[in-house]
Peer 1: 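To start, I am sharing the structure in question, which I have written as structure tokens.
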Amino acid sequence: MPLPELPPWRGAEGGTPEIEVRLGNVPDQLPDIIHRGPILQIGGDGSCRYNMAGVACFLIEGGRRITVRPHMAADAPDVRLFLLGSVFGLLCHQRGWLPLHACCVEIGGRAIAFAGPSGIGKSTLAASFVRQGYRLLADDVTVIDAHAPGGPLVIPAIGRIKLWRDTLDALKISADGLEPCRNRMEKFQVPVGGRFQLTRLPLTAIHLLDRVSDERQAELLPLVGLQAVETLLGAVYRRQAGERMGKRPQMLRAIHRLLTVPILALRYAQGLSHLQQTVYRMAARYEGRGE
Amino acid sequence: MLVCRRETLLTADLADRMLMMDPDNGLYFELDTIGTDIWRRLATPVPVAHLVADLTRDYDAPRAEVERDVLALLHDMVAYGLVTAC
Amino acid sequence: MTGFCWLASYPKSGNTWLRLALQSLINGGKEVDFRSRETFAAIAASRADLEDVLDAPVDEMTDDEAEALRPRLYETQARAAAAPLFRKVHDACMTTYAGEPLFPPALTLKTVYIVRDPRDVAVSLAHHTGRDLDQTIAFMGDPAATFGLAGKRQLRQVLSTWSFHVESWLRDGPELLLLRYEHMLAAPEEVLGRVALHLRLDASPMDVRRAAAATRFDRLRAAEDRYGFRESPAAGVRFFRRGIAGGWRDSLTPAQVARIVANHGPVMARLGYA
């Protein structure tokens, strides 16, 4: 299956890939089913069946194998959108990686994440950082190996940013030639090319984004204790699915490791100029910490 | 009766408090200053009577009051599986 | 297994007042705490519910796809709940893109539909959305009109025209009690008593009296002044503004009134808004 969003394989020729994606048949029902919803099924062995009506059905197994049965052309962007989004999120839970609903950029050689719910401005923030010359690790889902020996690491995955047309317009990026995320959807894939960070980087700070209506309420404040745990748990991508898979203990263990990096609430005012200021402030804050 | 901490808990020291997470049941807790102090005193299994006596001395408080508060806290901690009688 | 009580209305027609009054009522007539995050009857078009209950990737879905899943959401929620579920609704009562009723009759215990003079709705809605009156009047006459912004906490809600909205609920709303905003304002105690009876709420006449008093318009307005109201459209924009019937007379031009009547005359006449 062609996956132009992913960087080309640079490992050893003929090496064993970490994750395998193939076209194939997906059973209607998983064995020893423990959860049955209209979209998600979970089997007794932890395998997941994820069905998007009209787009594709996915089988995710063992944290390393994804089988795709498309309901439309296999190379349609729609199929890849769900594959590289929710389906990949489920695979992370199976694998023991923590997927955070966050964008992530490289500043001063370290990974800085900005988490928050949909519509809070993660992708716009990511695009603003990239425009300022910083490298992207993730635009929507930041994958963390919390138990890496030297401390939590961010695993970069996808070198593109998904932006709605009005954001493209506001950032003065032309939509010409951009691939829509889905047929007839006003959201586009913006490739970041050389601005993609290809290697894993230590996670240095996580910000929880929140919008305020008045610039005077903008602030940056540390979150500790229960507050930090709760906000991080709330920012786990596909958390409910992870919990249904029995992964809550695993999530808590990962979050426990994340408490070693600063967790901050970042409240910023709406509007592009405020966003721009946020980018400058964050860059100044983390560049100073260098190597 | 000795009181023992459950060692599979994940803890994090905050300035004056302690955060505890129990991955087995997915619950998490925060202990206040005194609760944190008591938790530290449980690092090695200790009889309840000794714990009460030590706290009465160190906090210079009436023994009956200390006993009541400590038993209430230990009761909760047992209920949530943070400590066991051993 | 249980079902739903839908509290439905076109936007700016008194739905929030009714919910606050019911919230007070089930608490024995207590003052409504504007600082609390809890509200009685969460919105039926909740994006978070669709994501959390059905694992739906709403970000990546079209509005039509998300809408088609809503009956599945309500089925799942009704199966899991022990007591009746209350939901606020602004959608028209219609079928989904997949061709089934958005609000499954089999899951509906009761419906309350609130209607308000469309001339007052226009004034209130213009204020709420920050659009001018002419745009708002056009919006209320647009068959494709929708509510709820993309990327926000609510899913898209199809309103269609004000007339279509009213007629859809009067025709298809199961177990329906029709309320008028104007009547709620004039006789809140009586209306609240009828709602409590219809919804089979366990409330004494004393509770009803207290709840009606606790949610008098001037009290809600004062509470909003003091604490703000989290359903306000933007900072500095009042949610509880005038709370009067017939206020359109000093806000609409004769031409604007004529346009509303031209669009909605038959339904207005049917409801006595002549």
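Computed over heavy atoms, backbone and side chain alike; hydrogens, waters and symmetry mates excluded. Every chain is numbered from 1, with letters handed out A, B, ... down the list of sequences.
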Peer 1: For B/Leu31, which atoms come within 4.5 Å of any heavy atom of chain A: side chain, backbone, both, or neither?
Peer 2: neither

Peer 1: Does the side chain of A/Leu226 come within less than 4.5 Å of B/Arg17's, by heavy atoms?
Peer 2: no

Peer 1: To the nearest 0.5 angstrom, please state how far the CG atom of B/Asp13 sits from the CG atom of A/Leu259.
Peer 2: 11.5 Å

Peer 1: Are the side chains of B/Tyr28 and A/Leu233 in contact, using a 4.5 Å heavy-atom criterion?
Peer 2: yes

Peer 1: Where along residues 244-252 of chain A does a heavy atom come under 4.5 Å of chain B, listed by residue number?
Peer 2: A/Arg248, A/Pro249, A/Leu252

Peer 1: Is it the case that over 12 heavy atoms from other parts of the model lie below 6.0 angstrom from the CG atom of B/Asp60?
Peer 2: no

Peer 1: Which residues satisfy the ring-ring contact (aromatic ring centres under 6.0 Å, His included) test with A/His256, sequence neighbours excluded?
Peer 2: none

Peer 1: Would one find more than 12 heavy atoms of other residues, nucleotides or ligands at under 6.0 Å from atom OH of B/Tyr59?
Peer 2: yes

Peer 1: Go through the atoms of B/Leu14 and report whether side chain, backbone, both or neither lie under 4.5 Å from a heavy atom of chain A.
Peer 2: side chain

Peer 1: Mind checking what makes ring-ring contact (aromatic ring centres under 6.0 Å, His included) contact with A/Tyr268, not counting sequence neighbours?
Peer 2: none

Peer 1: Looking only at heavy atoms, which of residues 92-100 of chain A get nearer than 4.5 Å to chain B?
Peer 2: none

